[in-house]
Amino acid sequence: KWAILTAKDGRQFLVGHAKVQGQQRVGGFVGVARPLDQAYEPIYQLRNQMLGIGFGLAAAVIALALVVAARLARPIDLLTSGAKAVASGNFAVGILPTKRQDEIGSLARAFDHMREDLHLLTLSLEQRVQARTVELESANLQLQNQHAFLRQVLDINPGFICVKDQGGYFTLANQAVADAYGASVESLIGKRDADFNLPADQVERSRQDDLDVLSSGREKIISEEAFTDAAGKLRWLRTVKWPLAAQSAGQSQVLGVSV
């Protein structure tokens, strides 16, 4: 049996004793006593060794975790910076961890293939847009040339050529009409006969002729009509007016030609 005893001076001892049996049934006791700190010293040493081993293992685990984290963080940073570059339109991405034989390597290879596909698609779209832009510029130039040619044909004609909508507003006029009204071709568009200093009966008669053409849908020939221009000069004109069908959701218009 073991027990801890305290001496008078305060020191503690670990005491063990056992009963000894004799041959004549006469027995006694034998005991062992050691100071408590000496008795527990092997236990303390074992505890310290275990703590040392535990701290060593913890340090090793932390170091290994840091190494693994660094090994994973670097390729992830490369993938992140590459994704940002591609998102901004820069396909010249730096070195990616495509040679790794793990999940990150697989992800890097998939990202690299996607980057190449996007690059090729972007180049194709840019080429198509550029080609389409050239086509549109060419078509626009042709329209401008045609418009300039038609304008030249209209303006070189000494007769009056004009188009008015259902409200009586000019939508087209040649230079001869503009000169007769004392205005430019540009300023004439969007105006009516009543907006100029013309005789009232002349304005009313022209307006009525336009309405007749619009309502009947047929041409109207006016063999002779008087027209006083902006300079006060009286002219006698032969006029033909035709209805122009509405285009899409637009209004019907009247084309007038006078000589």
Side-chain angles (χ1 to χ4, degrees), residues 89 121-259:
L121 178 61
T122 301
L123 290 177
S124 176
L125 288 176
E126 289 177 351
Q127 293 173 354
R128 291 169 61 183
V129 169
Q130 185 177 5
R132 185 57 177 166
T133 300
V134 172
E135 293 178 1
L136 291 175
E137 290 177 349
S138 177
N140 186 51
L141 181 59
Q142 292 180 3
L143 287 175
Q144 292 177 355
N145 291 337
Q146 291 177 2
H147 182 270
F149 175 74
L150 291 175
R151 171 51 57 184
Q152 185 178 10
V153 171
L154 288 173
D155 291 340
I156 204 172
N157 194 315
F160 293 172
I161 302 175
C162 66
V163 177
K164 298 177 184 176
D165 62 17
Q166 292 180 348
Y169 294 93
F170 285 98
T171 60
L172 181 143
N174 68 345
Q175 190 62 50
V177 174
D179 291 341
Y181 279 71
S184 64
V185 172
E186 292 77 12
S187 63
L188 196 63
I189 304 303
K191 300 289 183 63
R192 300 176 302 174
D193 289 341
D195 296 326
F196 297 90
N197 189 22
L198 300 176
D201 59 337
Q202 177 179 307
V203 172
E204 180 62 27
R205 184 183 68 250
S206 178
R207 176 62 178 156
Q208 187 59 51
D209 291 337
D210 292 343
L211 293 175
D212 292 343
V213 173
L214 289 171
S215 62
S216 66
R218 295 179 297 178
E219 70 174 27
K220 183 173 184 178
I221 299 175
I222 305 166
S223 300
E224 187 178 67
E225 63 176 348
F227 176 79
T228 303
D229 60 21
K233 180 180 179 181
L234 177 63
R235 306 185 186 189
W236 292 96
L237 304 174
R238 185 178 187 276
T239 302
V240 180
K241 295 188 175 184
W242 295 271
L244 298 178
Q247 299 295 324
S248 298
Q251 299 178 346
S252 298
Q253 302 184 75
V254 177
L255 167 63
V257 177
S258 302
V259 293

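Values below: all heavy atoms of this structure, side chains included; hydrogens, waters and symmetry mates excluded.
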Check: Gln202 side chain, Thr228 main-chain N or O, donor-acceptor pair, under 3.5 Å: yes

Nearest atoms (heavy-atom pairs only) where Cys162 meets Val177: CB-CG2, 4.4 Å

Ionic contact status for Arg132 with Glu135, cut-off 4.0 Å: yes

Arg151/Val185 under side chain to side chain contact (heavy atoms under 4.5 Å, CB included): CA gap, chis, key distance, verdict: CA-CA 11 Å; Arg151 171 51 57 184; Val185 172; 3.8 Å; yes

Minimum heavy-atom distance Leu198-Asp193, with the two atoms named: CD1-O, 3.9 Å

Test log, rule side chain to side chain contact (heavy atoms under 4.5 Å, CB included), inputs Gln175 and Ile156: CA-CA 8 Å; Gln175 190 62 50; Ile156 204 172; over 6 Å; no

Leu141 CG to Leu136 CG distance, which is reported to the nearest 0.5 Å: 12.5 Å

CA sep, side-chain torsions, deciding dist, call: Asp195, Arg192, side chain to side chain contact (heavy atoms under 4.5 Å, CB included): CA-CA 5 Å; Asp195 296 326; Arg192 300 176 302 174; 3.8 Å; yes

Closest contact, heavy atoms only, Ser206 versus Lys164: OG-NZ, 3.5 Å

Residue Gln144 excluded, over 12 heavy atoms near CD under 6.0 Å: yes

Pairwise distance CD(Gln146) to CG(Leu143) - rounded to 0.5 angstrom: 5.5 Å

Heavy-atom pair of closest approach, residues Ile189 and Ala173: CD1-N, 4.2 Å

Donor-acceptor contact present, side-chain Thr239 to main-chain Ser258, <3.5 Å: no

Intermediate values then yes/no, side chain to side chain contact (heavy atoms under 4.5 Å, CB included), Leu214 and Gln166: CA-CA 8 Å; Leu214 289 171; Gln166 292 180 348; 4.0 Å; yes

Short side-chain to backbone donor-acceptor contact, Thr133 and Val129, under 3.5 Å: yes

Ionic contact status for Asp209 with Lys220, cut-off 4.0 Å: yes

Value rounded to 0.5 Å, distance of CH2 in Trp236 from CD in Glu225: 9.5 Å

Ala178 versus Ser184, closest heavy-atom pair with distance: CB-C, 3.7 Å

Interatomic distance, Thr122 atom OG1 to Gln127 atom CD [nearest 0.5 angstrom]: 11.0 Å

Non-hydrogen side-chain atoms of Phe196 and Val203 separated by less than 4.5 Å: no

Smallest separation among heavy atoms of Lys241 and Val213, with atom names: CB-CG2, 3.9 Å

Phe227 and Tyr181 aromatic ring geometry - parallel, tilted or perpendicular at 30°/60° bounds: tilted

Reported CZ-to-CZ distance for the pair Phe160 and Arg235, which is rounded to 0.5 angstrom: 4.0 Å

Heavy-atom neighbours of Asn197 CG exceed 12 at 6.0 Å: no

Main-chain N/O of Gly159 paired to Asn174 side chain as donor or acceptor, under 3.5 Å: yes

Flag side-chain contact, heavy atom, 4.5 Å: Leu255 against Ile161: yes

Distance in Å, Glu219 CD paired with Asp212 CG, rounded so as to fall on 0.5 Å steps: 13.5 Å

Heavy-atom side-chain contact between Arg205 and Pro199 under 4.5 Å: no

Any side-chain heavy-atom pair of His147 and Leu150 under 4.5 Å: no

